[in-house]
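Single-structure report; data block below.
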Amino acid sequence: GNAGSAPLDGLSDTWAWNGVTWVQQLLTPPTGRDGHGLAFDTFRHAIVCFGGNASGGNTRVNDVHEVRLTFAPTIFSQPFAANACAGEPAAFSVAALGTASFTYQWRKGTVPIDTVATPSAATATLSLANVQPSDADSYDCIVSNACGSVTSSAATLTVDSAPTISQQPSSTNACTTGSATFAVGAAGTAPFTYEWQIQTAPATWAALDAIPLSLPCGGSAVATTPAASQTGIAISPCPGVTAYQVRCIVSNGCGSITS
């Protein structure tokens with residue numbers, strides 16, 4: 001096309017909306033020309049005019065002019081939900097498209113996170129150290145530039161707790177031909193796994209199963225439900241041994257504890 005030759009002042013009349021007002025984009029216009037190239041640089045968001053011949057002649061023009069376009073931010077990658085055990089770190093990230101530079105403000109719920117106490121709340125990745133149950137909430141990020149702002153979707157942080165024993169197994173009596181029932185109670189984040197054990201030596205414990213376990217002293221022991229919070233344990237006693245120690249190890253994804 002023809003960039004024009006009269007009047008040249010009209011070439012400077014290029015404006016762009018920045019989200020608030022109209023801003024003139026090119027204050028020094030290119031000279032009038034024919035046969036020039038015009039392209040859009042998608043990486044830099046710029047309209048580029050280059051080369052051509054001076055209007056009304058064959059003099060080659062070897063210059064380049066560009067108009068930079070400014071875009072408000074859009075969210076390219078949303079933060080994902082996260083799970084962490086109490087005491088562990090957790091992180092959320094967001095990625096934006098638009099014209100840099102961006103500013104970031106992470107929020108917990110709808111409350112902005114203090115960027116002095118948590119500097120990462122002003123970056124693309126929010127890093128939380130030593131999370132606690134009180135940190136469980138939804139988190140989002142407001143991304144801004146000179147043209148506007150956009151809010152990411154909210155991502156949930158779930159904080160899991162290691163198990164604790166809420167009910168200890170109780171001592172009980174059983175006949176040699178019967179079984180005794182033991183139960184343990186656990187608190188924390190379910191699901192839990194249970195492993196019942198019997199003491200086979202002063203510092204040695206062996207896991208009980210539905211298959212009889214041979215004891216070093218000559219007896220045997222079996223658990224009816226070895227992977228449950230409550231189990232029946234039947235013991236074929238060793239000669240001269242009348243008391244046996246039983247315990248349970250309760251575990252989840254954050255740790256384990258022994259009754």
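We're numbering straight along the sequence, starting at 1. The structure displayed is predicted, hence computed values, not measured ones.
For Gln197 and Glu195, the side-chain atoms include at least one donor-acceptor pair closer than 3.5 Å.
Residues Ile235 and Ile198 meet the side-chain proximity criterion, which asks for heavy atoms closer than 4.5 Å. Residues Val246 and Trp196 have side chains in contact (heavy-atom distance under 4.5 Å, counting atoms from C-beta outward). At a threshold of 4.5 Å between non-hydrogen side-chain atoms, the residues Tyr139 and Leu128 count as touching. Contact annotation: the side chain of Thr74 never approaches that of Val150 to less than 4.5 Å [non-hydrogen atoms, C-beta and beyond]. Residues Ile113 and Leu126 have side chains in contact (heavy-atom distance under 4.5 Å, counting atoms from C-beta outward).
Here the closest heavy-atom approach between residue Asn145 and residue Ala72 is recorded as OD1-CA, 3.8 Å. Across every non-hydrogen atom of Ala90 and Val131, the tightest pair is CB-CG1, 4.0 Å. Heavy atoms only, all atoms of each residue included: Ala54 and Val61 are closest at N-CG2, 3.5 Å. Residues Asp140 and Ala154 approach most closely at CB-CA, 4.0 Å, considering heavy atoms. Minimum heavy-atom separation, Phe102 to Pro73: CE2-CB, 3.7 Å. In plain terms, the two heavy atoms of Ser152 and Val94 that are nearest each other are CB-CG2, 4.1 Å.
The cationic group of Arg247 lies under 6.0 Å from the six-membered ring centre of Trp205 and within 45° of the ring axis, placing it in a cation-pi geometry.
Of the possible donor and acceptor atoms, none in the side chain of Asp135 sits under 3.5 Å from a partner among the backbone N and O of Val159. Remark: the backbone N or O of Ser153 is paired with a side-chain donor or acceptor of Gln78 at under 3.5 angstrom. In this structure, Thr225 contributes its side chain and Gln230 its backbone to a donor-acceptor pair below 3.5 Å. Side chain of Thr115 to main chain of Ala122: no donor-acceptor pair is present (N/O by atom type, distance under 3.5 Å, no hydrogens or angles). No donor-acceptor distance shorter than 3.5 angstrom exists from the side chain of Ser220 to the backbone of Leu213, with no hydrogens or angles considered. Remark: side-chain polar atoms of Asn252 are paired, donor with acceptor, to backbone N or O of Gly255 under 3.5 angstrom. The backbone N or O of Lys108 lies less than 3.5 Å from no partner atom in the side chain of Asp137, so there is not a single donor-acceptor pair. Counting only distance, with no hydrogens or angles, the side chain of Ser120 and the backbone of Ser127 share a donor-acceptor pair below 3.5 Å. Judged by distance alone, the side chain of Arg33 and the main-chain N or O of Gly51 form a donor-acceptor pair under 3.5 Å. At distances below 3.5 Å, not a single donor-acceptor pair connects side-chain atoms of Thr224 with backbone N or O atoms of Thr231.
Within the model, atoms CZ of Phe182 and SG of Cys248 stand 11.5 Å from one another, a figure rounded to the nearest 0.5 Å. The distance from the CD atom of Gln245 to the OG atom of Ser171 is 7.0 Å, given to the nearest 0.5 Å. With rounding to the nearest 0.5 angstrom, the OG1 atom of Thr59 is 10.5 Å from the CG atom of Asn62. Considering CG of Leu215 and SG of Cys238, their distance stands at 5.0 Å, rounded to 0.5 Å. Considering OH of Tyr104 and OG of Ser101, their distance stands at 9.0 Å, rounded to 0.5 Å. For the atom pair CZ of Phe92 and SG of Cys141, the computed distance is 11.5 Å after rounding to the nearest 0.5 Å.
Residues Tyr194 and Ile233 share a hydrophobic cluster, clusters being chains of Ile/Leu/Val/Met/Phe/Trp/Tyr side chains in contact below 4.5 Å. Side-chain heavy atoms closer than 4.5 Å link hydrophobic residues (I, L, V, M, F, W, Y) into clusters, and following such links, possibly through other members, connects Trp106 to Ile75. Put simply, Ile47 and Phe71 are part of the same group of oily side chains (I, L, V, M, F, W, Y) that touch within less than 4.5 Å, one to the next. Cluster membership check: Ile142 does not share its hydrophobic cluster with Leu157, using side-chain heavy-atom separations under 4.5 Å among Ile, Leu, Val, Met, Phe, Trp and Tyr. In the hydrophobic cluster analysis, where Ile, Leu, Val, Met, Phe, Trp and Tyr join through side-chain heavy atoms closer than 4.5 angstrom, Val241 is grouped together with Leu208.
Looking at residues two or more places apart in sequence or on another chain, you find no ring-ring contact (aromatic ring centres under 6.0 Å, His included) involving Phe76.
Glu88 CD: more than 12 foreign heavy atoms inside a 6.0 Å radius.
Residue pairs meeting the ring pair (Phe, Tyr, Trp, His ring centres under 6.0 Å) criterion with at least one partner in residues 223-259, sequence neighbours excluded, do not occur; the list is empty.
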Begin with the C-alpha distance, continue with both residues' side-chain angles, and end with the deciding distance and a verdict on side-chain contact (heavy atoms from CB on, under 4.5 Å) for Leu38 and Val48. CA-CA 6 Å; Leu38 191 66; Val48 183; over 6 Å; no
side-chain contact (heavy atoms from CB on, under 4.5 Å) between Val184 and Gln167: does it pass, once the steps are laid out? CA-CA 5 Å; Val184 66; Gln167 175 190 332; 5.9 Å; no
